[in-house]
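Before any comments, here is the structure.
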Amino acid sequence: MSYLDYFFVDLYFVNVQTTSEKLTVPWCSQEAQEVPTEQFPCRWNTSYQMHIQVKALLSELSKLNQTLSRTKILHGLVIQNNLSRDPFYATKIVRFYAINNDLVSARNLFDKSPQRSTYLWNSIIRAYAQAHKFSDAFLLFQRMLISETEPDNFTFACVLRACSEWRNVEGLRAVHGKVVVSGLGMEFICDSALVSAYSKIGNVDAASRVFYGIHEPDLVLCNSMISVYGCHGDCTKGLQLFSMMLEMGVSPDGYTVVGLITGLTDPSFIKVGEAIHGFCFKHSFVLNDHVGSVLVSMYSRFKCMDSACRVFNSLVRPDVVIWSSLITGFSQAGNYLKALNFFSQFIINGGKADPVLIASVLAASAQLAVVGPGSEIHGYAVRNGYYMEIMVSTALIDMYAKCGFLELGILVFKTKTNTNIVMYNSMISCLGLYGRASDAFQLFNDMIGGGFSPDETTFCSLLCACCHAGLVNDGREYFKMMKNEFGIRAKTEHYVYMVKLLGMAGELEEAYQLIKSIEEPANSSIWGALLSCCDAHKNYELGEVIAQHLFKNKAEISKYSVMLSNLYAGDERWDAVNQLRVDKGRDIRKIPGITWIGEKAEGFPNCCQHSLQHNLLSCQLITAISSMSWLINDTRRMSGSMPEQLDCGAQGKGDRPEGSRCNETLEYICHN
DNA sequence: TTAGGGTTAG
C-alpha cells in the first residue's frame with residue numbers, strides 16, 4: 001500500500017462516519033502513521049484544514065490511477081469544502097469520472113458547475129468524444145459556441161477528431177470553417193488535428209492543402225502528414241516529406257517511422273523498409289510497441305517471416321498487438337499451422353487474446369478447413385467474454401462455413417442480438433458459396449428491412465451467390481439495383497462477377513458490351529474473366545477480337561499470357577502461342593540493367609531473384625525517389641555494425657519473397 | 001496561476 005492508499009482508507013472511514021458535517025482532519029491508521037511524515041505529499045495527518053490540502057492532493061492524485069470510488073470520495077471532499085464552484089476542481093473530477101466511464105456523474109457535475117472555464121468545457125466534450133458519444137459531444141460543442149466561453153485549440157482538436165471518427169464529413173467542414181473564423185487556422189494544434197481528420201475520412205487532398213499551407217510545420221504536423229501518406233499507401237510521398245523534414249532540421253521520432261513503414265505496402269519496397277529499420281537502429285530508436293509492431297507487420301506483408309521473427313525476438317515484452325502482427329503474418333504467408341502454433345504459445349505464456357487476434361486465428365483455422373482448432377478458439381472466445389463481439393462472430397460464421405459446417409455459422413448469426421453490415425455481408429457470402437442463393441437473397445431483404453444500407457461488399461456477396469447458382473437474371477437485377485437504388489458505383493470485383501456470370505451462361509457478347517461500357521479501361525481481372533469464358537465456350541472469334549483490342553491498347557500482355565495461350569492452344573494456333581513467348585521475352589529485355597537469364601517464360605521469377613540479389617531493382621526503385629540516397633548510404637555504412645538479431649536480411653540473405661510479385665516489380669520499372 | 005492537449009501499430 002502506498003501512503004495515498006492509506007489516506008484513502010482513512011478518508012473513506014471518516015467519510016462514512018461523518019454525515020453532513022464538514023470534514024476537518026482524517027485520522028490516519030496506525031500502519032500509515034509509521035510512514036515517515038516527510039514522505040507524505042501533503043501533511044494531511046496534522047491538524048490543517050482539509051480544504052487547504054485538497055488542492056495539493058488533487059495535483060498529486062491526478063498522477064495515480066483513478067478508481068471510481070476514489071473519484072467519488074474526492075468529489076465529496078470538494079463539495080464539502082465548498083470548492084465545487086471553482087472550475088479547476090470540477091475539471092479534475094470530470095476527467096476522473098470520464099476515465100472511469102461514469103459519464104452520468106461527469107455530466108451532473110458539469111451541469112451544476114456555475115462557472116465553466118474552457119478547460120471544463122473541453123473536459124466534458126472530450127469525455128463524450130472518447131466514449132464515442134459523438135452527437136452528445138457535438139451538441140455540447142455547439143452549446144459552447146453560444147456560451148460566454150470561447151473554444152480554444154484543444155476544443156477544436158477534440159471536436160475535429162470526433163467528427164472524423166464519427167465520419168461526419170459535413171460537421172468536419174463546418175468545424176474547419178469555425179477554426180478559420182476563430183483565427184486559429186494557422187495554429188499547429190488545430191492544423192495537425194485537421195490533417196488527421198481529413199485523412200481519416202479519406203480526403204487526402206484536403207489534408208495536403210492544410211499541411212502545405214503551413215510555413216514551417218513542426219514534428220507533429222510532419223508526422224500527421226506522413227501518417228496520411230502511410231495510411232493511403234503512398235510511401236513515395238511519405239519518403240519525400242521525410243527528406244524534407246530532415247532538411248528543415250526537424251528530428252523524426254517513433255511516430256514518423258510508424259507512418260513511413262505503414263505506407264510500404266508494395267513488396268518491391270522491401271529495401272526501403274530495411275533501410276528505415278536500419279535508421280531506427282542507427283538512431284537508437286527504442287523499438288517500442290508501435291514501431292516494433294509495424295516492423296513485424298511490414299516484414300510479414302513482404303512474406304519475410306525470418307526477419308519478422310527476428311524483430312519480434314528482439315522486443316523485450318511484445319504486447320498482444322505485436323503477437324497478433326506476427327500470427328497474422330504467418331497466416332497471410334499461408335503458414336496457417338504456424339499461426340495457430342504461435343497463438344497457442346501466446347496463450348501458454350499467459351497472454352490474453354483480444355477480438356482482433358481471435359478473428360485472425362479464426363481466419364487461419366478457416367483456411368485450414370478443419371473445424372477442430374476453430375471450435376477450440378470459439379470456446380476460448382466464449383470463456384473470455386468475447387462472444388458478443390461482432391468481429392469475433394463474423395470470423396466464426398466464416399470459419400464454420402469454410403470448414404463445412406454452414407449450419408453452425410447460421411446458428412452463430414441467429415444468436416447474435418446486435419449485427420452490423422459486415423456480419424450480414426459475411427453471412428450472405430457464405431450462403432452464396434454453398435449455392436443457397438435464395439437464402440442469401442432473403443437475408444439481403446431482411447438486412448434492408450432491419451434498416452441497414454448495403455455497401456459494395458454486400459453486392460459482391462450477392463453477385464457471387466448468383467455466380468455459384470448460375471442465376472443470370474438475378475445477377476442483372478442486383479447489378480442494376482446497386483447503382484440505381486443505392487448509388488454504389490461498380491468496382492472491378494462487381495464487373496468480374498458479372499462477366500463470369502454472363503460468360504458462363506454463354507452471354508459472351510453481353511459481357512463484352514458490359515466491359516466496353518466501363519468508363520475507365522478495364523483491368524486484367526475483368527478481361528481475363530471474359531477470355532476464360534471465351535475459351536470455355538470455344539468462342540475463338542470473340543477471343544481474337546479481345547486479344548487485338550489488348551494489343552492495340554498496349555496492354556501488359558504478360559498478365560494475359562496464360563489465358564491467351566490457352567485460348568490459342570484451344571484453337572490450335574501454335575504460332576500465336578509461340579509469339580506470346582517471344583513478345584514476353586522482348587518486353588523484359590528492354591529493361592536496362594537486368595540480365596536475361598532464361599529463354600523460357602518460366603525464367604521470369606529467376607530473373608527477378610537474380611536482380612534482387614544484385615540490388616538492381618531495388619536501387620532503381622530507391623533512386624527514383626529523390627533525396628533518398630542518404631538513407632541507402634546510411635544503411636550501407638552501418639551494415640557491418642548491426643547485431644545479428646537486427647540484421648534483417650539487409651545483406652540480401654534469407655527470406656526474399658519467392659518471386660511471387662516480381663512481375664509487378666518489373667512493371668513498376670517499365671513505367672518509370 | 002494552477003490544469004489538458006495536436007500525430008502512431010495487429
Side-chain angles (χ1 to χ4, degrees), chain A residues 55-56 58-59 61-63 86-96 98-99 117-127 129-130 151-161 164 179 184 187-197 199-200 207 210-211 214 217-231 245 250 252-263 285 287-298 300-301 308 311-312 315 318-332 339 346 353-361 363 391:
Chain A
K55 215 176 229 181
L58 280 168
S59 161
L61 291 169
S62 56
K63 296 172 195 162
D86 187 337
F88 173 82
Y89 297 105
T91 306
K92 282 274 186 197
I93 308 265
V94 163
R95 286 176 55 81
F96 291 162
I99 291 168
S117 64
T118 308
Y119 284 101
L120 184 54
W121 275 104
N122 290 358
S123 65
I124 191 73
I125 293 173
R126 176 171 302 279
Q130 285 185 333
D152 66 1
N153 276 331
F154 302 116
T155 324
F156 285 119
C158 174
V159 175
L160 287 167
R161 189 188 177 109
S164 67
V179 169
L184 297 170
E187 289 282 332
F188 286 178
I189 289 170
C190 285
D191 290 338
S192 54
L194 272 168
V195 168
S196 301
S199 170
K200 278 200 193 101
V210 173
F211 178 76
I214 299 161
D218 70 349
L219 173 64
V220 176
L221 263 161
C222 290
N223 286 348
S224 304
M225 197 62 218
I226 286 177
S227 171
V228 174
Y229 291 134
C231 289
M245 71 184 267
V250 181
D253 65 1
Y255 285 85
T256 324
V257 175
V258 168
L260 283 174
I261 297 174
T262 308
F285 273 35
L287 289 191
N288 66 14
D289 293 351
H290 293 284
V291 179
S293 163
V294 287
L295 279 171
V296 170
S297 177
M298 175 195 78
S300 301
R301 250 194 328 268
V311 175
F312 181 83
L315 299 169
D319 66 5
V320 63
V321 178
I322 302 176
W323 273 95
S324 166
S325 304
L326 190 72
I327 291 168
T328 309
F330 278 118
S331 185
Q332 283 170 350
F346 171 68
D354 68 358
V356 181
L357 179 53
I358 293 173
S360 169
V361 282
M391 192 179 262

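Naming: A, B, ... by sequence-line order, numbering from 1 per chain.
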With sequence neighbours left out, the residues meeting side-chain contact (heavy atoms from CB on, under 4.5 Å) with A:Leu184 are A:Asn153, A:Phe156, A:Val179, A:Ser182, A:Glu187, A:Cys190
Indicate whether A:Phe88 forms a stack on B:dA3; treat it as stacked only if centroid distance is below 5.5 angstrom and interplanar angle below 30 degrees.
no
Distance-only donor-acceptor test (3.5 Å): side chain A:Asp218, base B:dG6
yes
Looking across every strand, which nucleic acid part, if any, lies under 4.0 Å from A:Val320 by heavy atom: base, sugar-phosphate, or nothing?
base
Protein-nucleotide distance (A:Asp86, atom CG; B:dA3, atom P), rounded to Å:
13 Å
From the set B:dG10, B:dG6, B:dT7, return the single nucleotide nearest to any side-chain atom of A:Val321.
B:dG10
For A:Asp354, report the nucleic acid contact type (base, sugar-phosphate, nothing); a contact means any heavy atom under 4.0 Å.
base
Let me know the distance between NZ of A:Lys200 and C1' of B:dT8, rounded to the nearest Å.
10 Å
Interatomic distance, A:Asn223 CG vs B:dG6 P [rounded to whole Å]
14 Å
Nucleotide nearest A:Val258 (side chain, heavy atoms from C-beta), chosen from B:dT7, B:dG10, B:dA9
B:dA9
Taken to the nearest whole Å, CH2/A:Trp323 to C1'/B:dG10 is 14 Å
Report yes if at least one side-chain N or O of A:Arg161 is closer than 4.0 Å to OP1 or OP2 of B:dT7; otherwise report no.
yes
Applying a 4.0 Å non-hydrogen cut-off, can you work out what A:Ser325 is touching in the nucleic acid: base, sugar-phosphate, or nothing?
sugar-phosphate
Looking at the side chain of A:Phe154, which of B:dG5, B:dG10, B:dT8 is the nearest nucleotide?
B:dG5
In terms of side-chain heavy atoms of A:Val294, which of B:dG10, B:dA9, B:dT8 is nearest?
B:dA9
Checking all strands, does A:Asp319 fall into the base, sugar-phosphate, or nothing category for heavy-atom contacts under 4.0 angstrom?
base
Write down the distance between CD1 (A:Ile125) and P (B:dG6), rounded to a whole number of angstrom.
13 Å
Candidate nucleotides B:dA9, B:dG5, B:dT7, ranked by approach to the side chain of A:Ser196 - the nearest
B:dT7
Minimum-distance nucleotide to A:Ser227 side chain [options: B:dG10, B:dG6, B:dT8]
B:dT8
Quick one: side-chain contact (heavy atoms from CB on, under 4.5 Å) partners of A:Ser224, sequence neighbours excluded?
A:Ser192, A:Val195, A:Ser196, A:Val220
Between the CG atom in A:Asp289 and the CG atom in A:Asp319, the distance rounded to the nearest 0.5 Å is 4.0 Å
Just verifying a value: how many Å separate A:Tyr255 OH and A:Ser227 OG, rounded to the nearest 0.5 Å?
10.5 Å
Need one value for A:Ser224: base, sugar-phosphate or nothing, where a base atom within 4.0 Å counts as base even if backbone is also close, heavy atoms only.
sugar-phosphate
Using whole Å, report how far CD of A:Gln130 lies from C1' of B:dG5.
11 Å
If you go through the side-chain atoms of A:Ser192, does one of them form a donor-acceptor pair with the base of B:dG6 closer than 3.5 Å?
yes
Taking atom types as they are modelled, is there a donor-acceptor pair under 3.5 Å from the base of B:dG5 to the side chain of A:Asp152?
no
Rounded to whole Å, the CD-C1' distance (A:Glu187 to B:dG6) equals 11 Å
So, is A:Arg126 close to the B:dG6 phosphate, meaning a side-chain N or O under 4.0 Å from OP1 or OP2?
yes
Can you tell me how far the CH2 atom of A:Trp121 sits from the CG atom of A:Asp152, to the nearest 0.5 Å?
13.0 Å
One should read off an interatomic distance between A:Phe154 CZ and A:Ile189 CD1, to the nearest 0.5 angstrom, of 4.0 Å
A:Leu160 CG - B:dT7 C1' separation (whole Å):
14 Å
